[in-house]
Participant: 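Please see the structure below; I have some questions.
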Amino acid sequence: MSLYENIKQKIYFRLEEALKKAKETGELDFKEVPEYVLEEPRERQHGDLATNLAMVLAKQAKKAPRDIAKVLIAHLNTDDTWIASSEIAGPGFINFRLNPGWLLEVIPEVMKQKERYGAVNIGQGEKVQVEFVSANPTGLLHMGNARGAALGDSLASLLAMAGYEVCREFYINDAGNQIYNFALSLEARYLQQLGYDVPFPEAGYHGEDLIATVKRIIDRDGDKYVSMEEDARRDYLVRFALEEKIAGIKETLEKFGVVYDVWFSEQSLHDSGYVQDTIKELEKKGYIYEKEGALWFKSTLFGDEKDEVVVRKNGVPTYFAADIAYHRHKFSRGFQRVINIWGADHHGHVARMKGAMQALGINPDSLQVILMQMVRLIQNGEVVRMSKRSGQYITLEDLIDEVGKDAARFFFIQRDPDSTVEFDLDLAKSQSADNPVYYIQYAHARLCSIMRQAKEMGYELNVEPSLEQLRLLTSQEERDLLKKMADFPGEIAVAAKMAEPHRIARYALDFASLFHTFYNSHRVLVDDEQLRTARLSLIISVKQVLANAIRILGVSAPEKM
RNA sequence: GCGCCUGUAGCUCAGCUGGAUAGAGCAUCUGCCUUCUAAGCAGGUUGUCGGGAGUUCGAAUCUCUCCAGGCGCGCCA
């Protein structure tokens, strides 16, 4: 438990004690203690911690909140809590001012835990899988995938920091109709490149990248597939293209700072018979019926708007069937919690997938789907429709090249998944130097610079500050930094619990700002050895905490800028 | 038509398990480099929190309704 949580815990306990005593003496009458909070007030003048306990109790106790507060304070034992003073404020808040000493403990704590500082254990080693991006391997990664990549990767890092055992997974849609279309498109491009006048399939993939792929096939194998039988030809072309596409996707994601633990093939589920087996399992449990020659899953039993086809009239299982099998497979691998990051356009899929899990006897709540809203790409002031089929899109590769990995990742992580984001590439390019990520990185570089100079001046960086030295950190700027560092584990806990990595982006930004303020008002490398040691220990800690936050965002922490 | 998401400063967005005076970046204006990185700091300007009604001691936050935008409602994925 973090220092901060420790203190809060104790005060909570003492508040409960005070309530009990007040009830015993008959000063307060209530049946049940309602939900109340003990939190840091927004306004500094309202103290370090505040509780609304007296206000939420007003109804039951039939007393004015301020009077209740008075009684509570009278009975509150503040020994050993760091509480320096308690006062009643506003409509009935109880504000506590803490003895500043508690904050000093944060520095030794950070120095001890180093890159682990901030880690909490709300996950308790639970196995959780985060599946994200899972883009079709028929084309290149686009802006929506970029958002998913940034979000999913940061969420995974965040959960790892919160005590979960995390697995990052990419589901490869290497089966089904789209692959057939892909094959037809490849075939047409192949023949066209070799001078044959063949039409391009209407539903084909128009991307330029397909032509490049086909050219490489020709470089390697020439026209040997022209005379081949249709099926075999398509099979060769697809196999070559898929391998190349997936390798490319992997490479691009790695450039974006995302490394997966597992790449899971949809085709493998068909090959192993797992899809069929899953359908049979559902059938056995009575959730499948036949209508108009197709097999349907009774998803309406689970709140879906209508039932869904799992096996087509032609005998081919649908994508949905494979996806059910895939999710069943996930849970069979021992994940207690499975998180999917999907685009909002897949939202209709959520209810039936959860329903399918329930039908299979899996707790649907252990599957969590995070929907992220669309990325609207703006160019020349107009919305550009992105589509793989039309071949018109800005790729993740373009984004990394033109905007930069750090700026791009931060742009996405900063935002709540629920908000539709507008991405104006021209603006992003011209403003990439204004991206707030540099503000954070600059703080880190400055911290490193101070430490470099301290070293040059022959100062010890392995400081172990004494309490007397730490007590010299009395300025508002120093206290704000200490406070923010003490908050970090709590921020991790909340962000992980809510699966909201964008909170960490906000934290890093606020923290960097506090540091810049400090930097401009105090010098670290002063002549006074005592103060210098104290401040050095402070900035060593600040750098550590900042680096820990940045690491979760998947952004680099440069030593120089 | 039904379902989900969104509407907060000129722009891009935080804040939304209700809390005391609604925030940040960009833009704009004024100061600050003989001292550890000015990619920085300090300060000024900027709001019918889409409209309305309700619940509450208290609403940007919860409920209802209306308006506007996005997405979905395939034997596509």
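Side-chain atoms are counted along with the backbone in the values below, which use heavy atoms only and exclude waters and symmetry mates. Keep in mind it's a predicted model, so treat the numbers as computed, not measured. Letters A, B, ... are given to chains in the order of the sequence lines, protein chains preceding strands, and every chain is numbered from 1.
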Participant: Roughly how far apart, to the nearest Å, are B/G18 and B/C62 at atom C1'?
Facilitator: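 That atom pair is separated by 7 Å.
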Participant: Less than 4.0 angstrom from a charged side-chain N to a carboxylate O is my criterion; do A/Glu169 and A/Lys330 meet it?
Facilitator: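 No, A/Glu169 and A/Lys330 are not salt-bridged.
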Participant: Pick the C1' atom in B/A9 and in B/A24, then give their distance to the nearest Å.
Facilitator: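 Per the computed distance, 11 Å lies between those C1' atoms.
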Participant: Heavy atoms under 4.0 Å, any strand shown: does A/Ala454 hit a base, just sugar-phosphate, or nothing?
Facilitator: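 Answer is nothing: A/Ala454 stays at 4.0 Å or more from every strand.
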Participant: State whether A/Tyr459 and A/Arg532 meet the cation-pi test: NZ (Lys) or CZ (Arg) under 6.0 Å from the six-membered ring centroid, and within 45° of the perpendicular axis.
Facilitator: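 Output yes; distance and angle both within limits.
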Participant: Compare side-chain N and O positions of A/His349 against OP1 and OP2 of B/C76 and report whether any pair is under 4.0 Å apart.
Facilitator: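 False: A/His349 side-chain N/O out of range (4.0 Å or more) of B/C76 OP1/OP2.
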Participant: For a quick check of understanding: with a heavy-atom distance under 4.0 Å over all strands, which category does A/Ala443 fall into, base, sugar-phosphate or nothing?
Facilitator: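 Nothing: the residue A/Ala443, judged by heavy atoms under 4.0 Å, touches no strand.
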Participant: Do you know which two heavy atoms are closest between A/Leu371 and A/Gly343, and how far apart they sit?
Facilitator: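 In this case the closest contact between A/Leu371 and A/Gly343 is CD2-O, 3.7 Å.
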Participant: Less than 4.0 angstrom between a side-chain N/O of A/Asn173 and OP1 or OP2 of B/A77, yes or no?
Facilitator: no
Participant: Check the phosphate of B/C5 against A/Arg376, side-chain N and O only, distance under 4.0 Å to OP1 or OP2. Yes or no?
Facilitator: no
Participant: Carefully, step by step, assess A/Gln178 and A/Asn173 under the rule side-chain hydrogen bond (donor to acceptor under 3.5 Å, both in side chains).
Facilitator: CA-CA 9 Å; A/Gln178 51 168 359; A/Asn173 303 130; 4.7 Å; no
Participant: Here's one to test your reading of the geometry: is the NZ or CZ of A/Arg446 within 45 degrees of the ring axis of A/Tyr519 and under 6.0 Å from its centre?
Facilitator: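 So A/Arg446 does make the cation-pi contact.
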Participant: Please measure how far the C1' atom in B/C13 lies from the corresponding atom in B/C49, and state the result in whole Å.
Facilitator: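 Here B/C13 and B/C49 have their C1' atoms 13 Å from each other.
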Participant: Describe the nucleic acid contact of A/Arg506 in one word from base, sugar-phosphate, nothing, applying a heavy-atom distance below 4.0 Å.
Facilitator: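 Sugar-phosphate contact only.
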Participant: Classify A/Asp304 by what it touches in the nucleic acid, base, sugar-phosphate, or nothing, heavy-atom distance under 4.0 Å.
Facilitator: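 If one applies the 4.0 Å heavy-atom cut-off, A/Asp304 turns out to touch nothing in the nucleic acid.
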Participant: Start with the C-alpha distance between A/Glu478 and A/Ser475, add both sets of side-chain angles, then the distance that settles side-chain hydrogen bond (donor to acceptor under 3.5 Å, both in side chains), and finish with yes or no.
Facilitator: CA-CA 5 Å; A/Glu478 288 159 331; A/Ser475 71; 2.8 Å; yes
Participant: State whether A/Arg446 places a side-chain N or O below 4.0 Å from either non-bridging phosphate oxygen (OP1 or OP2) of B/A38.
Facilitator: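 Yes, A/Arg446 has a side-chain N/O under 4.0 Å of OP1/OP2 on B/A38.
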Participant: Under 4.0 angstrom, heavy atoms only, what part of the nucleic acid is A/Tyr439 near: base, sugar-phosphate, or nothing?
Facilitator: sugar-phosphate
Participant: For a salt bridge (Lys or Arg N to Asp or Glu O under 4.0 Å) check, start with the C-alpha distance between A/Lys483 and A/Glu40, then their side-chain angles and the critical distance, and finish with the verdict.
Facilitator: CA-CA 11 Å; A/Lys483 180 67 184 40; A/Glu40 183 190 358; 3.0 Å; yes
Participant: Verify, without hydrogens or angle tests, whether A/Ser449 (side chain) and A/Ala445 (backbone) share a donor-acceptor contact under 3.5 angstrom.
Facilitator: no
Participant: Base, sugar-phosphate, or nothing for A/Ala294, non-hydrogen atoms under 4.0 angstrom?
Facilitator: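 If one applies the 4.0 Å heavy-atom cut-off, A/Ala294 turns out to touch a base.
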Participant: Starting at the 5' end of RNA chain B and moving along, which residue's nearest nucleotide shows up first, A/Ser513 or A/Leu371?
Facilitator: A/Leu371
Participant: Can a side chain N or O of A/Tyr319 be found less than 4.0 Å away from OP1 or OP2 on B/A77?
Facilitator: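 Checking A/Tyr319 against B/A77: no side-chain N or O falls below 4.0 Å of OP1 or OP2.
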Participant: Under the criterion of centre distance below 5.5 Å and interplanar angle below 30°, is A/Phe93 classified as stacked on the base of B/A20?
Facilitator: yes
Participant: Between A/Thr517 and B/A42, is there a side-chain N or O to OP1/OP2 distance below 4.0 Å?
Facilitator: yes
Participant: With the threshold set at under 4.0 Å for non-hydrogen atoms, list the residues of residues 552-561 of chain A touching RNA chain B in residue-number order.
Facilitator: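 Contacting residues: A/Glu559, A/Lys560, A/Met561.
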Participant: Would you indicate what A/His347 reaches in the nucleic acid, counting non-hydrogen atoms under 4.0 angstrom: base, sugar-phosphate, or nothing?
Facilitator: base
Participant: Picking from B/G72, B/U37, B/A20, which would you name as closest to the side chain of A/Asp345?
Facilitator: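 Among the listed nucleotides, the one closest to the side chain of A/Asp345 is B/G72.
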Participant: Does A/His346 lie flat on the base of B/G72, that is, centres under 5.5 Å apart and planes under 30° off?
Facilitator: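 No; by the centre-distance and plane-angle rule, A/His346 does not count as stacking on B/G72.
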Participant: To the nearest angstrom, how far is A/Phe182 atom CZ from B/A77 atom C1'?
Facilitator: 15 Å
Participant: Rounded to whole Å, how long is the line connecting atom CD of A/Glu266 with atom P of B/C76?
Facilitator: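 Computing the A/Glu266:CD to B/C76:P distance gives 14 Å.
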Participant: B/C71 P sits how many Å from A/Arg147 CZ, rounded?
Facilitator: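 Distance, rounded to whole Å: 14 Å.
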Participant: Determine the Euclidean distance between corresponding P atoms of B/U28 and B/C11; express it in Å to zero decimal places.
Facilitator: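 It works out to 16 Å between them.
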Participant: What's A/His522 touching, base or sugar-phosphate or nothing? Going by heavy atoms closer than 4.0 Å.
Facilitator: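 Base contact - A/His522 has a heavy atom under 4.0 Å of at least one base atom.
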Participant: Ignoring backbone atoms, test whether A/Arg312 places a side-chain nitrogen or oxygen under 4.0 Å from the OP1 or OP2 oxygen of B/C76.
Facilitator: yes
Participant: Hey, mind stepping through A/Leu473 and A/Arg535 against side-chain contact (heavy atoms from CB on, under 4.5 Å) and telling me if it holds?
Facilitator: CA-CA 7 Å; A/Leu473 303 174; A/Arg535 287 196 176 147; 3.9 Å; yes
Participant: Taking the P atom in each of B/G3 and B/C66, what is the distance between them to the nearest angstrom?
Facilitator: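 Looking at atom P only, B/G3 and B/C66 are 11 Å apart.
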Participant: For RNA chain B, what dot-bracket results from Watson-Crick or G-U pairs at under 3.5 Å, with [ ] for crossers and | for inter-strand partners?
Facilitator: (((((((..((((.....[...)))).(((((.......))))).....(((((..]....))))))))))))....
Participant: Starting at atom CD1 of A/Ile94, determine the distance to atom C1' of B/A20, rounded to an integer number of angstrom.
Facilitator: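 Checked: the CD1 to C1' distance equals 14 Å.
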Participant: On a heavy-atom basis, which atom in A/Ile88 and which in A/Ala69 lie closest, and how many Å separate them?
Facilitator: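 Of all heavy-atom pairs spanning A/Ile88 and A/Ala69, the closest is CG1-CB, 3.8 Å.
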Participant: Tell me whether the NZ or CZ atom of A/Lys291 lies within the 45° cone about the ring axis of A/Tyr289 and under 6.0 Å from its centre.
Facilitator: no
Participant: In residues 411-422 of chain A, which ones come under 4.0 Å of RNA chain B, going by heavy atoms?
Facilitator: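 The answer is A/Arg415, A/Asp416, A/Asp418, A/Ser419, A/Thr420, A/Val421, A/Glu422.
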Participant: Is the cationic atom of A/Arg328 (NZ for Lys, CZ for Arg) positioned less than 6.0 Å from the six-membered ring centroid of A/Tyr274 and within 45 degrees of its normal?
Facilitator: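 Pair A/Arg328/A/Tyr274 counts as cation-pi.
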Participant: Have A/Gln358 and A/Tyr287 got a donor and an acceptor in their side chains that come within less than 3.5 Å?
Facilitator: no
Participant: Please classify the nucleic acid contact of A/Asn52 as base, sugar-phosphate, or nothing, using heavy-atom distances under 4.0 Å.
Facilitator: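 It contacts base atoms.
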Participant: Roughly how many Å apart are B/C29 and B/G23, using the P atom of each and rounding to a whole number?
Facilitator: 24 Å
Participant: Please state the C1' separation for the pair B/G51 and B/U8 - nearest whole angstrom.
Facilitator: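 That atom pair is separated by 15 Å.
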Participant: When you measure from the side chain of A/Ser185 to the backbone N and O of A/Asn181, does any donor-acceptor pair fall under 3.5 Å?
Facilitator: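 Such a contact is found between A/Ser185 side chain and A/Asn181 backbone.
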